[in-house]
Amino acid sequence: MAATELAGDDIDLDAAARGIVYRTLAQAFRHPTAELHGLAASGDLAAELAQCLDRTALGVSVPELRTDDDYETLAARYNDLFELGYSEYTDRTDGSLSAEGPPVPLYESKYRPDQSWNDVNLDLARAYDYYGLEIDADDRDNHDALRYELEFAGYLARREAAVDGTAAAAARLDFHDRHLGHAAAGVAGRLADEPGTGVYGGLGTLLEAFVRADRNDLAARLEGDG
(Lines give C-alpha, C1' and ligand atoms only; values in the text may rest on other atoms or scores of the structure.)
Protein backbone atom coordinates (compact mmCIF):
# COMPACT_ATOMS: atom_id res chain seq x y z
CA MET A 1 0.00 0.00 0.00
CA ALA A 2 2.52 2.62 1.16
CA ALA A 3 5.19 1.83 -1.40
CA THR A 4 2.87 1.95 -4.41
CA GLU A 5 0.99 5.12 -3.47
CA LEU A 6 3.84 7.49 -2.64
CA ALA A 7 5.48 7.82 -6.05
CA GLY A 8 5.99 10.94 -8.15
CA ASP A 9 8.65 13.61 -8.34
CA ASP A 10 6.22 16.46 -7.64
CA ILE A 11 4.57 14.86 -4.62
CA ASP A 12 5.31 15.91 -1.05
CA LEU A 13 5.89 12.40 0.28
CA ASP A 14 5.47 13.39 3.93
CA ALA A 15 2.03 14.91 3.36
CA ALA A 16 1.04 12.03 1.07
CA ALA A 17 2.01 9.50 3.73
CA ARG A 18 -0.09 11.34 6.30
CA GLY A 19 -3.01 11.19 3.89
CA ILE A 20 -2.67 7.41 3.65
CA VAL A 21 -2.57 7.08 7.45
CA TYR A 22 -5.75 9.13 7.74
CA ARG A 23 -7.48 7.05 5.09
CA THR A 24 -6.40 3.82 6.76
CA LEU A 25 -7.67 5.00 10.15
CA ALA A 26 -10.97 5.97 8.56
CA GLN A 27 -11.31 2.44 7.22
CA ALA A 28 -10.28 0.94 10.56
CA PHE A 29 -13.05 2.79 12.41
CA ARG A 30 -15.73 1.52 10.05
CA HIS A 31 -17.49 -1.76 10.67
CA PRO A 32 -14.71 -4.27 9.97
CA THR A 33 -14.45 -5.90 6.58
CA ALA A 34 -12.88 -9.27 5.90
CA GLU A 35 -9.94 -7.42 4.33
CA LEU A 36 -9.31 -5.32 7.44
CA HIS A 37 -9.56 -8.41 9.61
CA GLY A 38 -6.97 -10.16 7.47
CA LEU A 39 -4.57 -7.21 7.72
CA ALA A 40 -4.94 -7.03 11.50
CA ALA A 41 -4.63 -10.79 11.97
CA SER A 42 -1.48 -11.02 9.85
CA GLY A 43 0.25 -7.97 11.31
CA ASP A 44 0.24 -6.22 7.93
CA LEU A 45 -1.99 -3.40 9.22
CA ALA A 46 0.65 -2.28 11.72
CA ALA A 47 3.49 -2.85 9.24
CA GLU A 48 1.89 -0.73 6.51
CA LEU A 49 1.02 2.08 8.92
CA ALA A 50 4.58 2.03 10.27
CA GLN A 51 5.93 2.23 6.73
CA CYS A 52 3.84 5.35 6.08
CA LEU A 53 4.71 6.98 9.40
CA ASP A 54 8.40 6.41 8.74
CA ARG A 55 8.02 8.74 5.74
CA THR A 56 6.78 11.57 7.94
CA ALA A 57 8.58 13.89 10.35
CA LEU A 58 6.12 13.16 13.15
CA GLY A 59 7.97 10.54 15.18
CA VAL A 60 4.76 8.61 15.90
CA SER A 61 5.17 4.89 16.58
CA VAL A 62 2.57 2.22 15.87
CA PRO A 63 1.25 0.29 18.89
CA GLU A 64 0.29 -3.38 18.83
CA LEU A 65 -2.44 -3.74 16.20
CA ARG A 66 -2.52 -7.51 15.68
CA THR A 67 -5.71 -9.36 16.53
CA ASP A 68 -6.29 -12.99 17.46
CA ASP A 69 -10.05 -12.57 16.94
CA ASP A 70 -11.74 -14.41 14.12
CA TYR A 71 -13.81 -12.18 11.86
CA GLU A 72 -17.11 -12.73 13.68
CA THR A 73 -15.53 -11.94 17.05
CA LEU A 74 -13.90 -8.78 15.69
CA ALA A 75 -17.22 -7.62 14.24
CA ALA A 76 -18.98 -8.33 17.54
CA ARG A 77 -16.29 -6.40 19.42
CA TYR A 78 -16.81 -3.43 17.09
CA ASN A 79 -20.56 -3.56 17.60
CA ASP A 80 -20.24 -3.73 21.38
CA LEU A 81 -17.87 -0.77 21.52
CA PHE A 82 -19.17 1.57 18.87
CA GLU A 83 -22.70 0.72 17.77
CA LEU A 84 -24.79 -1.12 20.35
CA GLY A 85 -26.20 0.57 23.39
CA TYR A 86 -26.82 -1.03 26.77
CA SER A 87 -30.32 -1.65 28.09
CA GLU A 88 -31.60 -3.07 31.34
CA TYR A 89 -35.03 -3.43 32.92
CA THR A 90 -35.68 -0.89 35.64
CA ASP A 91 -39.11 -2.32 36.42
CA ARG A 92 -39.95 -5.76 35.11
CA THR A 93 -43.55 -5.41 36.19
CA ASP A 94 -44.27 -2.87 33.48
CA GLY A 95 -41.34 -3.52 31.15
CA SER A 96 -39.61 -0.19 31.81
CA LEU A 97 -36.13 -0.02 30.28
CA SER A 98 -33.14 2.13 30.98
CA ALA A 99 -31.04 2.54 27.83
CA GLU A 100 -27.64 4.05 27.13
CA GLY A 101 -25.76 4.55 23.91
CA PRO A 102 -22.58 2.69 22.94
CA PRO A 103 -19.64 3.10 25.33
CA VAL A 104 -17.48 4.73 22.63
CA PRO A 105 -19.57 6.88 20.26
CA LEU A 106 -17.89 7.57 16.93
CA TYR A 107 -19.36 11.06 16.59
CA GLU A 108 -17.62 14.33 17.44
CA SER A 109 -20.76 15.96 18.88
CA LYS A 110 -20.84 13.35 21.67
CA TYR A 111 -17.61 14.88 22.98
CA ARG A 112 -18.60 18.54 22.56
CA PRO A 113 -20.81 19.57 25.49
CA ASP A 114 -19.95 23.16 24.61
CA GLN A 115 -21.50 22.86 21.14
CA SER A 116 -24.90 21.77 19.88
CA TRP A 117 -25.24 18.83 17.51
CA ASN A 118 -26.62 21.18 14.87
CA ASP A 119 -23.73 23.65 15.12
CA VAL A 120 -21.09 20.92 14.84
CA ASN A 121 -22.71 19.21 11.87
CA LEU A 122 -23.58 22.44 10.04
CA ASP A 123 -20.00 23.66 10.28
CA LEU A 124 -18.74 20.32 8.96
CA ALA A 125 -21.26 20.33 6.11
CA ARG A 126 -19.99 23.75 5.07
CA ALA A 127 -16.37 22.59 5.24
CA TYR A 128 -17.05 19.53 3.07
CA ASP A 129 -19.13 21.55 0.62
CA TYR A 130 -16.40 24.19 0.24
CA TYR A 131 -14.22 21.51 -1.37
CA GLY A 132 -17.07 20.08 -3.41
CA LEU A 133 -17.32 16.95 -1.26
CA GLU A 134 -20.55 15.11 -0.51
CA ILE A 135 -21.44 12.21 1.74
CA ASP A 136 -22.19 9.08 -0.26
CA ALA A 137 -25.95 8.64 -0.43
CA ASP A 138 -25.50 4.86 -0.07
CA ASP A 139 -23.50 5.30 3.14
CA ARG A 140 -25.17 8.36 4.60
CA ASP A 141 -24.39 9.27 8.18
CA ASN A 142 -24.04 12.41 10.26
CA HIS A 143 -21.34 14.80 9.09
CA ASP A 144 -19.55 14.45 12.44
CA ALA A 145 -18.96 10.71 12.05
CA LEU A 146 -15.31 10.05 12.89
CA ARG A 147 -14.66 8.19 9.65
CA TYR A 148 -15.83 11.18 7.59
CA GLU A 149 -13.63 13.55 9.57
CA LEU A 150 -10.64 11.25 9.08
CA GLU A 151 -11.36 10.95 5.37
CA PHE A 152 -11.55 14.74 5.10
CA ALA A 153 -8.25 15.19 6.93
CA GLY A 154 -6.71 12.67 4.54
CA TYR A 155 -8.14 14.55 1.58
CA LEU A 156 -6.59 17.79 2.83
CA ALA A 157 -3.25 16.04 3.34
CA ARG A 158 -3.34 14.74 -0.23
CA ARG A 159 -4.16 18.25 -1.47
CA GLU A 160 -1.18 19.53 0.46
CA ALA A 161 0.98 16.84 -1.12
CA ALA A 162 0.03 17.53 -4.73
CA VAL A 163 -2.13 20.63 -5.23
CA ASP A 164 -2.43 23.40 -2.67
CA GLY A 165 0.62 23.10 -0.46
CA THR A 166 0.47 25.62 2.37
CA ALA A 167 -3.21 26.47 1.82
CA ALA A 168 -4.30 22.87 2.33
CA ALA A 169 -2.01 22.51 5.33
CA ALA A 170 -3.56 25.62 6.91
CA ALA A 171 -7.05 24.25 6.25
CA ARG A 172 -6.09 20.99 7.96
CA LEU A 173 -4.74 22.82 11.01
CA ASP A 174 -8.01 24.74 11.29
CA PHE A 175 -9.94 21.47 10.92
CA HIS A 176 -7.91 19.90 13.72
CA ASP A 177 -8.66 22.75 16.08
CA ARG A 178 -12.32 23.06 15.19
CA HIS A 179 -13.25 19.39 14.88
CA LEU A 180 -10.93 16.40 14.51
CA GLY A 181 -8.83 17.07 17.60
CA HIS A 182 -11.95 16.94 19.77
CA ALA A 183 -13.25 13.75 18.15
CA ALA A 184 -9.92 11.91 18.28
CA ALA A 185 -9.24 12.78 21.93
CA GLY A 186 -12.77 11.83 22.92
CA VAL A 187 -12.77 8.45 21.20
CA ALA A 188 -9.26 7.59 22.44
CA GLY A 189 -10.16 8.55 26.00
CA ARG A 190 -13.27 6.38 26.03
CA LEU A 191 -11.39 3.44 24.55
CA ALA A 192 -8.68 3.77 27.20
CA ASP A 193 -11.37 3.43 29.88
CA GLU A 194 -13.04 0.38 28.35
CA PRO A 195 -12.08 -3.26 28.99
CA GLY A 196 -11.85 -5.78 26.18
CA THR A 197 -11.14 -3.34 23.36
CA GLY A 198 -8.75 -5.70 21.53
CA VAL A 199 -7.17 -4.17 18.45
CA TYR A 200 -9.38 -1.09 18.80
CA GLY A 201 -7.51 -0.06 21.93
CA GLY A 202 -4.31 0.20 19.90
CA LEU A 203 -6.12 2.01 17.11
CA GLY A 204 -7.43 4.55 19.62
CA THR A 205 -3.92 5.14 20.95
CA LEU A 206 -2.59 5.63 17.43
CA LEU A 207 -5.52 7.87 16.47
CA GLU A 208 -4.91 10.31 19.32
CA ALA A 209 -1.11 10.33 18.97
CA PHE A 210 -1.15 10.80 15.19
CA VAL A 211 -3.82 13.52 15.14
CA ARG A 212 -2.08 15.43 17.95
CA ALA A 213 1.35 15.12 16.30
CA ASP A 214 0.04 16.21 12.90
CA ARG A 215 -1.73 19.20 14.45
CA ASN A 216 1.32 20.30 16.45
CA ASP A 217 3.64 19.90 13.47
CA LEU A 218 1.32 22.00 11.30
CA ALA A 219 1.13 24.68 13.99
CA ALA A 220 4.90 24.78 14.32
CA ARG A 221 5.39 25.08 10.57
CA LEU A 222 2.61 27.57 9.86
CA GLU A 223 2.47 29.60 13.04
CA GLY A 224 5.74 28.93 14.80
CA ASP A 225 3.67 27.41 17.62
CA GLY A 226 3.81 23.89 19.00
Side-chain angles (χ1 to χ4, degrees), residues 1-8 11-33 35-67 78 82 106 108 127-128 131 133 145-165 168-177 179-188 191-192 197 199-222:
M1 176 179 68
T4 59
E5 296 192 33
L6 295 179
I11 299 295
D12 179 335
L13 296 183
D14 186 319
R18 297 184 202 200
I20 293 175
V21 174
Y22 276 118
R23 187 179 66 188
T24 303
L25 287 171
Q27 294 169 344
F29 280 100
R30 288 177 174 268
H31 194 277
T33 61
E35 179 183 8
L36 178 70
H37 172 259
L39 290 170
S42 66
D44 288 344
L45 177 62
E48 292 185 358
L49 283 166
Q51 183 180 2
C52 284
L53 286 166
D54 284 346
R55 293 177 179 260
T56 75
L58 297 180
V60 175
S61 60
V62 178
E64 175 62 51
L65 296 179
R66 187 187 294 271
T67 185
Y78 181 95
F82 304 122
L106 293 179
E108 179 198 336
Y128 302 159
Y131 288 94
L133 303 175
L146 177 65
R147 64 183 186 271
Y148 293 158
E149 294 196 14
L150 290 168
E151 288 170 0
F152 185 59
Y155 168 80
L156 292 175
R158 293 191 297 275
R159 286 189 68 94
E160 179 191 356
V163 181
D164 287 343
R172 194 162 84 256
L173 175 59
D174 180 69
F175 185 65
H176 277 304
D177 290 340
H179 293 288
L180 183 56
H182 300 280
V187 169
L191 280 168
T197 55
V199 70
Y200 292 109
L203 284 166
T205 298
L206 177 60
L207 169 71
E208 193 279 332
F210 175 66
V211 168
R212 174 167 42 83
D214 185 40
R215 184 268 169 204
N216 289 344
D217 177 72
L218 289 168
R221 284 194 281 132
L222 298 172

TODO: Please check if the distance between the ring centroids of Y128 and Y148 is under 6.0 Å.
DONE: no
TODO: Nearest 0.5 Å please: distance from the CZ atom of R30 over to the CG atom of L146.
DONE: 10.5 Å
Open item on the list: For the backbone of C52 and the side chain of T56, can you confirm whether one donor and one acceptor N or O come within less than 3.5 Å of each other?
Closed with: no
Task: R212 CZ to L180 CG distance, which is reported to the nearest 0.5 Å - done: 13.0 Å
- [ ] Say whether, by atom type as modelled, one donor and one acceptor occur between the side chain of D14 and the main chain of A57 under 3.5 angstrom.
- [x] yes
Task: Centroid-centroid distance, Y22 to Y155, less than 6.0 Å - done: no
Task: Stepwise side chain to side chain contact (heavy atoms under 4.5 Å, CB included) check, L191 with F82 - done: CA-CA 10 Å; L191 280 168; F82 304 122; 4.0 Å; yes
- [ ] Mark yes or no for whether R66, through its side chain, and A41, through its backbone, hold a donor-acceptor pair below 3.5 Å.
- [x] yes
TODO: Hey, could you give me the CG/CG distance between L53 and L206, rounded to the nearest 0.5 Å?
DONE: 6.5 Å
TODO: Starting at CG of L203, measure out to OG1 of T67 and round the result to the nearest 0.5 Å.
DONE: 10.0 Å
Open item on the list: Restricting to non-hydrogen atoms, name the atom on A162 and the atom on I11 that form the minimum distance, rounded to 0.1 Å.
Closed with: CB-CD1, 3.6 Å
Open item on the list: Once rounded to the nearest 0.5 Å, what's the spacing between atom CG of L36 and atom NE2 of H31?
Closed with: 11.0 Å
TODO: For H182 and D177, indicate whether the former's side chain and the latter's backbone hold a donor-acceptor pair under 3.5 Å.
DONE: yes
TODO: Heavy atoms only: give me the nearest A26-E151 pair and the separation to one decimal.
DONE: CB-CG, 3.5 Å
Open item on the list: Determine whether a donor-acceptor pair (N or O, by modelled atom type, separation under 3.5 Å) exists between the side chain of Y78 and the backbone of F29.
Closed with: yes
TODO: Flag the pair D214 / V60 as yes when at least one side-chain heavy-atom distance between them is below 4.5 Å, and no otherwise.
DONE: no
TODO: Could you pull out the closest heavy-atom pair between R172 and A157, with the gap in Å?
DONE: NH1-CA, 3.5 Å
- [ ] Given side chain to side chain contact (heavy atoms under 4.5 Å, CB included), test Q27 with L39 step by step and report yes or no.
- [x] CA-CA 12 Å; Q27 294 169 344; L39 290 170; over 6 Å; no
- [ ] For residues V62 and L45, determine if any side-chain heavy atom of one lies less than 4.5 Å from a side-chain heavy atom of the other.
- [x] no
- [ ] Measure across Y200 and A28 and return the closest heavy-atom pair with its distance rounded to 0.1 Å.
- [x] CE2-O, 3.6 Å
